[in-house]
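To start, the structure itself, in structure tokens.
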Amino acid sequence: MAQISLTFPDGNSREYPAGITAGEVAADISKSLAKKAISATVNGAHFDLQWPITGDSAIAIHTLQDEVQANELVRHDLAHIMARAVQELWPDVKVTIGPVIKDGWYYDFDRQEPFTPEDLGAIEKKMKEIINLRDPVKTEVWDRDVAVKYYEERGEPYKVELIDSIPGDEPLRMYWHGDWQDLCRGPHLQHTGQVPADAFKLMNVAGAYWRGDSSRPMLQRIYGTAFTSKEKLKAHLTMLEEAAKRDHRKLGREMNLFHMQEEAPGQVFWHPNGWTIYTELQDYMRRKQRRGGYVEVNTPQVVNRKLWEASGHWGNYQENMFIVEVDEDHAREKTINALKPMNCPCHVQVFNQGLKSYRDLPLRMAEFGSCNRYEPSGALHGIMRVRGFTQDDAHIFCTEDQIEAETKIFIDFLADIYADLGFTGWTIKLSTRPEKRIGSEESWDRVEAALGNACKAAGYDYEIQEGEGAFYGPKLEFTLTDAIGREWQCGTLQVDPNLPERLDANYIGQDGDKHRPIMLHRAVLGSFERFIGILIENSEGKLPLWLAPRQVVVASIVSDADAYCLEVVEALKAKGIRAEADLRNEKINYKVREHSVGKVPYILACGMKEVEERTVSTRRLGEKQTKTQTMDEIVAELASVTTPPDKR
RNA sequence: GCUGCUGUAGCUCAGUGGUAGAGCACUCCCUUGGUAAGGGAGAGGUCGACAGUUCAAUCCUGUCCAGCAGCACCA
């Protein structure tokens with residue numbers, strides 16, 4: 001038999017007969033490795049230990065210590081083990097697919113009755129039994145016809161459909177965990193006992209459409225989370241609890257920022273505290289935009305359907321619009337309007353007033369545009385996904401030649417704002433031409449290149465999302481990473497030659513002829529509502545000083561200090577600081593606790609000592625240490641730390 | 001929109017086929033206390049809405065509304 005040479009990660013290589021499996025190689029190295037080995041990477045691809053190696057290769061044998069591979073295998077085997085457990089408990093349940101996802105896996109089942117939380121407990125118990133069986137994992141390559149026939153006989157239509165969708169040249173692999181069998185690409189562990197039995201947990205059940213298609217049957221999806229050790233599972237569960245503490249819906253209530261109620265689903269009732277954040281952020285954005293060369297406009301909320309027909313929204317977006325019918329007296333027919341879901345058509349109307357010259361371009365037209373969209377009920381989520389919201393929207397009217405420069409200017413503008421708001425980690429994605437599109441290939445070539453070049457010129461890399469652009473033009477998406485690693489797509493820049501065409505926008509060029517401008521739709525925050533939700537979750541409610549709704553509370557320790565507390569509050573207010581007094585008949589411990597829970601960044605306590613010395617006892621949120629400062633000192637300090645970043 | 005779950009006091013949640021309870025918050029009283037909950041008393045609810053079953057429904061059934069998780073959606 002031919003010999004092959006296998007090179008190990010340490011650079012050493014050994015000769016083996018061709019067709020040897022990674023498991024046999026592990027056994028050749030040591031008995032303990034043979035036992036601990038879970039899989040192997042051969043020439044960069046991840047295989048299980050049963051896979052024969054046919055040529056010279058670089059090989060690395062993995063154990064549970066190799067986090068990346070171990071997580072994948074453990075989660076993948078757990079998906080199979082769970083499916084087996086479910087079928088052992090309820091033999092009539094049909095299996096579908098069960099992939100590995102971030103932090104775990106899921107498996108979709110077709111079953112008449114819903115799974116209950118008690119069922120999850122039973123499944124988990126059964127899974128542990130299966131793990132303890134230490135059933136060897138076996139694999140075979142099957143002929144398509146055999147596999148189809150097998151699944152047809154077993155009444156597993158979903159598997160048959162899956163086989164049909166696997167390309168004909170791809171071998172069909174079958175895997176066994178004991179007697180239980182599943183169609184699977186692999187790789188898998190040596191035996192079920194290699195799964196750490198105390199490092200997984202079934203999380204929840206939810207509906208999911210077969211193949212992600214809302215016109216197809218809804219299946220029941222069970223989610224699980226798994227790691228390579230009990231400690232890592234525990235750390236993950238703790239992290240989930242931490243994330244729950246940041247929930248903006250919970251903090252919004254606790255900090256008295258806003259509420260929502262049945263009569264206005266998906267719309268926000270902003271309370272004084274929340275509205276303070278909103279207006280501070282908006283004032284900041286307005287200052288930035290003015291300095292960034294934008295003109296600000298404001299356009300109507302309720303607009304006749306004629307405009308939406310002309311813009312194309314009536315045809316493409318109608319089910320997402322609030323339609324308003326007005327039955328005017330003596331009118332022959334009802335007037336039909338729609339609440340604007342976007343600002344762009346209205347901005348073109350402003351652009352179209354008066355004849356524009358090439359000298360007017362680029363024209364950066366901004367609006368804090370209040371929009372209403374009839375979002376599907378299931379999509380609503382706190383203030384993050386709402387039906388009424390305000391965008392930090394702008395449209396840049398320009399020539400095609402100006403796209404690159406305008407894009408670069410925008411990226412710099414956005415980077416500056418994200419930095420001011422405390423987000424340093426963010427990425428750019430460039431979405432390119434989709435299959436269904438308008439416009440010439442040459443124009444797509446030029447515009448996509450312009451966006452890419454602008455990113456590079458601004459000093460940023462970007463990831464390409466092939467085919468994800470709008471039908472009329474490519475776009476950039478700006479995604480920021482929050483304090484606990486979650487990603488939020490906020491900023492966007494979209495190239496649009498279509499709407500100016502539909503709404504007949506034009507300008508007089510240097511040549512004296514009429515020309516069509518291009519529109520760049522762009523936003524930095526996205527919507528104020530969603531962005532404030534992100535700010536709350538990112539900061540766990542401890543907002544930057546300049547955005548904190550209540551910046552200082554001056555709390556009296558004894559009632560004889562009340563008058564002095566009011567004097568301190570007045571001195572702070574005179575500097576524009578949001579200060580209030582807490583003169584309630586409560587102990588200082590109580591007041592400190594309450595305002596700490598309420599995320600007030602500064603608590604100034606005053607007793608008779610402070611009254612006599614004209615000082616305050618300063619305590620910053622989260623610090624146990626207090627410090628005594630004179631009134632002048634604290635007023636100056638707060639005036640400085642509450643200054644918005646663009647005014648520093 | 002789809003599947004499942006949930007809806008009881010301002011908040012967090014118990015509970016029962018015979019019209020309801022706790023803790024915190026709130027109001028009042030006592031207490032003037034030095035940096036994360038001092039003590040006492042009181043007030044507060046058409047039990048999400050509408051139908052049905054029943055002598056009787058907050059509880060059982062149905063429809064609707066809203067929320068939660070996931071899916072789908074986010075021209």
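Order of the sequence lines fixes the chain letters, A, B, ..., with proteins taken first and strands second; residue numbering starts at 1 for each chain. All heavy atoms count here, side chains included; hydrogens, waters and symmetry mates do not.
Remark: A/P500 pairs with A/D496, A/A505, A/R516, A/P517, A/M519 by the side-chain contact (heavy atoms from CB on, under 4.5 Å) rule, at least two apart or across chains.
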Original post:
Going through the distances and angles, do A/T427 and A/E463 end up as a side chain to side chain donor-acceptor pair (under 3.5 Å)?
Top reply: CA-CA 8 Å; A/T427 57; A/E463 183 190 316; 5.9 Å; no
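Closest approach to the A/M218 side chain among B/A72, B/G67, B/G70 is made by B/G70 (side chain taken as heavy atoms from C-beta onward). Each of B/A36, B/C26, B/A72 was ranked by its minimum atom distance to the side chain of A/K624; first place goes to B/A36. With B/A75, B/G38, B/U35 as the choices, the nucleotide that has an atom nearest any side-chain atom of A/E586 turns out to be B/G38. Comparing B/G38, B/G34, B/U32 by their nearest atom to the side chain of A/S559 picks out B/U32. For A/K587, the listed nucleotide lying nearest its side chain is B/G38; candidates were B/A36, B/G38, B/G34. The A/Y472 side chain lies nearest to B/A75 when the options are B/G67, B/A75, B/C74. Of the candidate nucleotides B/G33, B/A69, B/U35, B/G33 has the atom nearest to the side chain of A/V558. Across B/G34, B/G70, B/G7, the shortest atom-to-atom separation from the side chain of A/A206 is found for B/G70. Side chain of A/E262, nearest nucleotide from B/C74, B/G7, B/A36: B/G7. Closest to the side chain of A/R253, from the set B/A72, B/U12, B/G1, is B/U12.
Residue-level contact check: A/P376 touches the bases, meaning some heavy atom is under 4.0 Å from a base atom. Contact annotation for A/M342: base contact, defined as any heavy-atom pair under 4.0 Å involving a base atom. Contacts of A/M608 with the nucleic acid, taken as non-hydrogen atoms under 4.0 Å apart, include base atoms. When heavy atoms are screened at a 4.0 angstrom cut-off, A/F115 is found touching no nucleic acid atom at all. The residue A/R221 sits close only to the backbone: its heavy atoms come under 4.0 Å of sugar-phosphate atoms, none of a base. Looking at heavy-atom distances under 4.0 Å, A/Y209 makes contact with a base.
If you take atom C1' in B/G7 and the same atom in B/C47, they sit 10 Å apart, rounded to whole Å. Taking atom C1' in both B/A72 and B/G1, the straight-line distance is 8 Å, to the nearest Å. For B/U3 and B/C11, the C1' atoms lie 30 Å apart once the distance is rounded to whole Å.
For the pair A/H381 NE2 and B/A72 P, the interatomic distance rounds to 17 Å; values are reported in whole Å. Rounded to a whole Å, the CG atom of A/L503 is 18 Å from the P atom of B/A75. Atom pair A/Y374:OH and B/A72:P shows a separation of 20 Å (rounding to whole Å applied). If you take CZ of A/R216 and C1' of B/C2, they are 15 Å apart, rounded to a whole angstrom. For A/D213 and B/U3, the CG to C1' distance is 15 Å, given to the nearest whole Å. Summarising the geometry, the separation between CD on A/Q220 and P on B/G4 is reported as 8 Å, rounded to the nearest angstrom.
Across all strands shown, B/U3 pairs with B/A69; the Watson-Crick or G-U wobble distances both stay below 3.5 Å.
Side-chain atoms of A/H313 and base atoms of B/A75 include a donor and an acceptor less than 3.5 Å apart. Between the base of B/C73 and the side chain of A/R385 there is a donor-acceptor pair shorter than 3.5 Å.
Residues from residues 233-249 of chain A with heavy atoms under 4.0 angstrom of RNA chain B, sorted by number: A/R249.
Both the sub-6.0 Å distance and the 45° axial angle are not jointly satisfied by A/R522 relative to the ring of A/F410. Seen from the ring of A/F389, A/R387 does not count as a face-on cation partner, given the 6.0 Å and 45° thresholds.
Position along RNA chain B of the nearest nucleotide to A/K609 versus A/L499 favours A/K609 as the more 5'-ward residue. Sequence order on RNA chain B of the closest nucleotides to A/I588 and A/C344 puts A/I588 first from the 5' end.
The NZ atom of A/K599 sits 12.0 Å away from the CZ atom of A/R550 when rounded to the nearest 0.5 Å.
Remark: A/E309 does not engage A/R502 in a salt bridge, criterion side-chain N to carboxylate O under 4.0 Å. In this structure, A/D119 does not pair ionically with A/K126, as no charged nitrogen and carboxylate oxygen lie closer than 4.0 Å.
No more than 12 heavy atoms of other residues, nucleotides or ligands lie within 6.0 Å of CD in A/Q625, so this atom counts as exposed by the packing criterion.
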